[in-house]
Amino acid sequence: MKLIKKLIDRIGVPTFAVSLLLLVILVMAGFMGQSIPTLLSDILKRVGMNGLLVLAMVPSIKSGTGPNFALPVGIEGGLIAMVCCMQLDLSGWTLLLCASLLTIVFCTLLGYIYGKLMNAVKGAEMTIATYSGFSIVALFNILWLALPFSNRKMGWMLGTGLRETIQLDSFHAAQIISDLGAVKLGKFLIPTGTLVLFALACLAVNFFFNTKQGYAIYAGGVNPRFADASGLNNDRSRLLANILSTIIAGLGIIVYAQGYGYTQLYNGPMMMSFPAVAAVLIGGATASRVSIFNVVIGTFIFQGLMTAAMPVANQLFSGTDLSDIMRQIIQNGVILYALTKVKNGGKS
Amino acid sequence: MNELLCKLTGNEQFDGKEWILDHIVTIIFWVFIILGFILSDGVTINWFLTELCNRFYRNAFLVLSLIIPVIAGLGLNFGITVGAIAGQLAIIFVRYFDMGGIGGFALAMLLSTPIAILIGWLCGILYNKTRGQEMIASLIVGYFGNGVYMFIVLFVVGAIIPVAAEHTMILPGGVGVRMSVDMGSIYYALENLLQVKFAPFMAGVSGLYFIWTVFKRFFKKLAIGEKRMSNLGFALNGGLSLALCLLFVYQIATEGSLTIVRKVPIGTVAMILLLALFTRWIMTTKLGQDFRACGQNQHIAESNGINVNRTRIIATIISTVLAAWGMILYLQNIGTLNVYTAHTNMGFFSVAAILVGGATASRATVGQALTGCLLFQAMFILSPEIGQSVFGQAALGEYFRTFMLYGVIGVSLGLYVWRAHKKQKLVLPPRDEVKVE
C-alpha cells in the first residue's frame, strides 16, 4: 500500500490513474479477442500523428504562459500554408516541404501577434488563449469561404469556398511520412517516418532549451521577477516561446493531416487544443512545469487509451459512443485537476 | 442605453477615450446593427422585432443568471452549461412520465432545483480550488459536465436505471435517450397563460416609464433612496419614453406594421422581471454585501469575518439553479429538446450577451444583461441577412456571427485584463523594483 502511495506521489495522480485504466483496457482487449498487434500499431500511428501537437505545449508552459490553449492559432497557420500549396497544385513531398516552410512564415507572424496578446493579459492567459483559439477558427471559417482559391480538388462541387475536408490522396500526400521506412512485422506496423520525425522534434526542442536563449525562457517561466532582475527581457522570452509553440503546432497539423489522409478545415481545429493539453498533463506535466519526457509518455498513454478504448467499448456496449464520452470525461477531468494545482489556487 | 447616458451625464471626470474603451464592444454592436439594417434588404421591422422579442424571452433569464457570480468575484460563469444540463435532466424525467402543461413545467423547475444545487455546490468547491482561474475552470467544467451528462443519457438510462424499452423517448435498443425529446404540452405552457398584444404593451410600459421619470425628476422626496435625475438625463429618458409611447399609440391608431409583432407572453416577461428584481434585491441583503465584499477583495473580506469560501459557493449555487430554470424556460419556448446539443453553447451565448451589454469580469448589472441580450440577439438575426444581401452567401453571415460570438468574449476579457494591468501600474510602484531593493 505504502509503495503504491509513494508511486502515486512520484508520478502524479492523473498519470497513475490513466495509465492504470489503459492497462485494464489493454488486458480486456486481449481477453476479448482483439488483435493486440493491430491495436499497438494503431496506437503508434496516432502517437506519431499527434506528437507534435502535444510537443507544442512545451515552450509555452516553460515560458510561464501555461498550456497553449490557443493551439488552433498555429493549426490554422499550418492549414492555410497547406491550402496555399495545394492551390499551386504541388503534390507529394514537394507539397509537404513547401507547406512546412510556408507554415513557419505564417506561424511566426500569427505567433508574434498571439505572443504580444499573451504578454498583455498576464494572469489570465489560459482563458484568453482559449478564446483566441476559438476566434481564429471562426475567422478562418470566413476566410475558407471567401478567399479566391480555385483548385477544383479543394472546392465544393457547387458554389464557392473550400470543402470541409480535402483529400490528400488527390495530392499524393496521404501517409507519405508515416510510410517512409515503415516496418511491418506480421500485423504489427511501425510508422517509422512520423515516429522518427517526432523524436527529432523532441530532441530539437530539448536542444533549444539547453541553449542560452532556452534557459532565459525557462528562468522567466520559473520566476519572472527574478529573471527581470537578472536583466533578462521576460516579455521577449515569452514572445519567442509562444512563436515557437505556434510554429510547432503548425507543423504538427501537417503531420497530423498526412497521417489522417485529410485536411480538416472549418470547425475541425476548434477543439484540438484540449486533447493535446490533456495529453501533456497526463504525462505528468503541470500548468507550470513540463519536460519532453512528459510529452512522450503523455501522448502515448492518452492516444493509447483513445485507440484501445474504442473497439473494447464498442464490443461491450454496441451502438453507444462510450469511448468518446470517456475521452471527454478523462480529458477535461485531467485539465480540471491540473487547474486546481495552479500556483495561485488554494485558500485565499 | 438609458443607463449608459445617465452615467455619461452623472460623471464629472468624464474621459472620452476611457469611455470608448469601456464600451467598445457595445459600440461595435450598435454600429453593426445599424449598418445591418441599412445593408440588408428585405428585413422588415415587424419581422425583426418579432424575432428579437422571441429570442429575448428565451435567453434573458439565462443571461441574468450570470450576474451574481460576477459580483462575487468569480468572473463569468461559463459553467451555467451544467446548470442547463440539470434543467434538461429534469425535463427528460418529466417528459418520460408524459407530464405536460404548466404543471409539468413547474414540476420540471422543481425537480431541476436539487440537481442544480448539488452541481452548483460541487462547482463552487472546484472554483475555490482554482482561484484566479475560475473562468477557464468553468469552461472546462462545461465540457466535463457534458461528458458526464452524455454518459447518463446514453448509458445510465436503460443500462442502470430501468426504463420501458418501447417508450417513444428511448432508443430502439432500450438503452439511452433519443436525439430529440418532444416537449409535448410543456411547449408554450408559460407563454400561453396570458399574452398581450405588442403595441399596447409597449405603449403602456413606455408610458408608465415616462410617468416614473417625471416623478423622479420633480418629486425627489417621494422617491426614497433614488438620486434626483439630472436635466439631461431627464430630457433623454423622458423624451425617449414619451416618443416611444406616442409612436405605439399612433401605430395602434393607424394599425401600422408594429401592431403585427408577436404578442408579449406575460408569464415569461414576469419571470424575467422577477429575476431582475431578485438580483437587485439580494444585493441589498447581508448576503449580497458579502458577495460584493468577496468580489472586491477576498483577503479583506476574510479578515472582516466573512466566510469567503462559503459565500462563493452560495453564489455559484444560485447561478447554477437559475441557469437550470432558465434552460427550462428556454426549452418551453423552443418546443423540442435536442438532448445532445441544446446545452452546449448556452454558456458562450449568455456570456457574450452580457459582455456586449458592457459588463466585465468584475462588474455586471441587470441593465447590462438585458441590453446586452437584446443587442447580441439582434446581431444574431441580422448576420445571415447581411451575408445574403452583401455577399450573396448566408453561410458567410453565419460564420461571421460565430466569429462575433467568440471574438466578443475574447476581446472584452482581453481588454479587461489589459486595462486592469495598466491601472495597477499607475497606482502602485513597479513591483520588481521593490523586490530588488
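Scope of the values below: all heavy atoms of this structure, side chains included, with no hydrogens, waters or symmetry mates. To find a chain, count down the sequence lines: A is the first, B the second, and so on, and within it residues start at 1.
For A:Met326, no part lies near chain B; criterion is any non-hydrogen pair under 4.5 Å. Proximity to chain A (any heavy atom under 4.5 Å) is shown, for B:Tyr416, by neither the backbone nor the side chain. With a threshold of 4.5 angstrom between heavy atoms, A:Phe140 does not approach chain B through any atom at all. Proximity to chain A (any heavy atom under 4.5 Å) is shown, for B:Val141, by both the backbone and the side chain. In this structure, chain A has heavy atoms under 4.5 Å from both the backbone and the side chain of B:Leu413. Of the atoms belonging to B:Tyr127, not a single heavy atom falls under 4.5 Å from chain A.
In this structure, B:Tyr406 and A:Tyr131 have tilted ring planes: the angle between them lies in the 30° to 60° band.
Nearest approach of B:Thr402 to A:Ala138, heavy atoms of both residues: C-CB, 3.9 Å. Of all the heavy atoms in A:Gln328 and B:Asn146, the pair that sits closest is OE1-ND2, 3.1 Å. Looking at every heavy atom in both residues, B:Leu396 comes nearest to A:Ala146 through CD1-CB, 4.4 Å. For the residue pair B:Ile136 and A:Thr130, the shortest heavy atom distance occurs at CD1-OG1, 3.1 Å. Smallest separation of non-hydrogen atoms from A:Ser135 and B:Phe403: O-CD1, 3.4 Å. Of all heavy-atom pairs between B:Tyr399 and A:Glu164, the closest is OH-OE2, 4.2 Å.
Summarising the geometry, atom CG belonging to B:Leu139 is positioned 5.5 Å from atom CZ belonging to A:Phe134; distances are rounded to the nearest 0.5 Å. Remark: B:Phe400 CZ to A:Leu139 CG distance equals 10.0 Å, nearest 0.5 Å. Taking CD1 of A:Ile325 as the reference point, atom CD1 of B:Ile152 lies at 10.5 Å (rounded to 0.5 Å).
When each of A:Ile136, A:Ile335, A:Asn267, A:Val121 is checked for heavy-atom pairs under 4.5 Å with chain B, A:Val121 comes out on top.
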